[in-house]
Amino acid sequence: MTSMQEPSKLDASRIALLVDCFYAKIRVDPLLGPVFNAAVHDWEEHKRTLTSFWCSVALQANSYRGNPMAVHRMQPGIRAEHFERWLSLWKTTTRELLDESDAKLMLEHADRIGRSLRLGMGLPERLETRGLAIQVIGKA
C-alpha cells in the first residue's frame with residue numbers, strides 16, 4: 001500500500017505565523033535575546049522582512065530584497081553557539097506549527113542557510129568542530 005503525501009499547507013500566512021511565534025521565543029531566550037534585542041530596533045518591521053525572506057526561500061515568492069550575509073557580518077558578537085541555539089528554536093517552532101513534511105522542509109532550508117552564513121562569517125559549522133591540535137616538535 002502506498003501512502004500519498006499530503007499537499008503542503010505552507011503559504012505566506014502560515015510562514016508569517018511561524019516567524020511571529022519563533023521571534024517571540026528569540027526575544028526572551030537567554031542566549032539569543034540579548035543579541036537580537038540589541039540589533040533589532042523595530043520588531044514588527046523585522047518580522048515582515050523575515051516573513052518575506054522565508055516566503056522567498058520556501059515558496060519561491062521572490063519578494064525578499066536584502067543581503068543576509070552583510071546583515072550578519074555587521075554583528076561582530078555572533079558566535080557558532082548562537083547559530084546552534086537559533087536552529088534548535090527554529091526546529092521546535094516548525095514542529096509545533098507545521099505538519100511534518102513542511103517542518104522538515106523549513107528545517108532543511110534553515111540548516112543550509114545557517115551553514116552558508118557560518119561559513120561566510122568564518123565560524124565553525126558545528127560547535128564540536130575544532131581545529132586539529134597538532135603539536136609541532138622542534139629539532140633538538
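This chain uses plain numbering: 1 for the first residue, then up along the sequence. Bear in mind that the values here come from a model prediction, so they are computed numbers and not experimental data.
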Test of understanding: with salt bridge (Lys or Arg N to Asp or Glu O under 4.0 Å), list the residues that count as partners of Arg73, not counting sequence neighbours.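 Result, salt bridge (Lys or Arg N to Asp or Glu O under 4.0 Å) vs Arg73: none returned.
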What residues, two or more places apart in sequence or in another chain, satisfy salt bridge (Lys or Arg N to Asp or Glu O under 4.0 Å) together with Glu100?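 Testing Glu100 for salt bridge (Lys or Arg N to Asp or Glu O under 4.0 Å), a comparison that skips the adjacent residues, returns none.
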Mind listing the closest non-hydrogen atom pair of [X] and [Y] along with its distance?
X      : Y      : result
Lys9   : Asp102 : N-OD2, 3.0 Å
Glu81  : Leu31  : O-CD2, 3.6 Å
Leu123 : Ile78  : CD1-O, 3.9 Å
Asp11  : Leu59  : C-CD1, 3.7 Å
Ile15  : Ala58  : CD1-CB, 4.1 Å
Thr51  : Ala16  : OG1-CA, 3.7 Å

Qualifying ring pair (Phe, Tyr, Trp, His ring centres under 6.0 Å) pairs with a residue from residues 95-118, counting only residues at least two apart or across chains: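 Residue pairs passing ring pair (Phe, Tyr, Trp, His ring centres under 6.0 Å), neighbours aside: none found.
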Distance-only, no hydrogens or angles: does the [X] side chain make a donor-acceptor pair with backbone N or O of [Y] under 3.5 Å?
X     : Y     : value
His82 : Arg79 : yes
Ser63 : Ser52 : yes
Thr92 : Ser88 : yes

side-chain hydrogen bond (donor to acceptor under 3.5 Å, both in side chains) involving [X] - partner list, sequence neighbours excluded:
X     : result
Arg27 : none
Arg85 : Asp29
Thr94 : none

All side chain to side chain contact (heavy atoms under 4.5 Å, CB included) counterparts of [X], not counting sequence neighbours:
X      : answer
Asn62  : Arg65
Asp20  : Lys47
Glu45  : Asp42, Arg48, Thr49
Leu107 : Leu87, Trp90, Lys91

Candidates Leu10, Val57, Leu97 - the one meeting side-chain contact (heavy atoms from CB on, under 4.5 Å) with Met106: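 Going through Leu10, Val57, Leu97 one by one, the side-chain contact (heavy atoms from CB on, under 4.5 Å) with Met106 is satisfied by Leu10 alone.
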With sequence neighbours excluded, tell me which residues meet ring pair (Phe, Tyr, Trp, His ring centres under 6.0 Å) with His46.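 Tyr23, Trp43.
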Can you name the ring pair (Phe, Tyr, Trp, His ring centres under 6.0 Å) partners of Phe53, sequence neighbours left out?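 Checked Phe53 against ring pair (Phe, Tyr, Trp, His ring centres under 6.0 Å); matches are Tyr64.
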For Glu108 and Arg112: C-alpha separation, side-chain torsions, deciding distance, then whether side-chain contact (heavy atoms from CB on, under 4.5 Å) applies. CA-CA 6 Å; Glu108 287 170 359; Arg112 179 179 41 80; over 6 Å; no
Quick one: do Trp86 and Val71 end up in the same hydrophobic cluster if we chain Ile, Leu, Val, Met, Phe, Trp and Tyr together by side-chain heavy atoms under 4.5 Å apart?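 Each belongs to a different hydrophobic cluster.
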Connected via hydrophobic side-chain network under 4.5 Å: Met69 and Ile113: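 Yes, Met69 connects to Ile113 through the hydrophobic network.
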How far apart are the C-alpha atoms of Met121 and Gln75, what are their side-chain angles, what is the distance that settles it, and do they pass the side-chain contact (heavy atoms from CB on, under 4.5 Å) test? CA-CA 10 Å; Met121 295 176 72; Gln75 305 299 323; 5.8 Å; no
Where do Phe22 and Trp54 land on the ring pair (Phe, Tyr, Trp, His ring centres under 6.0 Å) test, with the steps shown first? CA-CA 12 Å; Phe22 175 70; Trp54 285 110; 8.5 Å; no
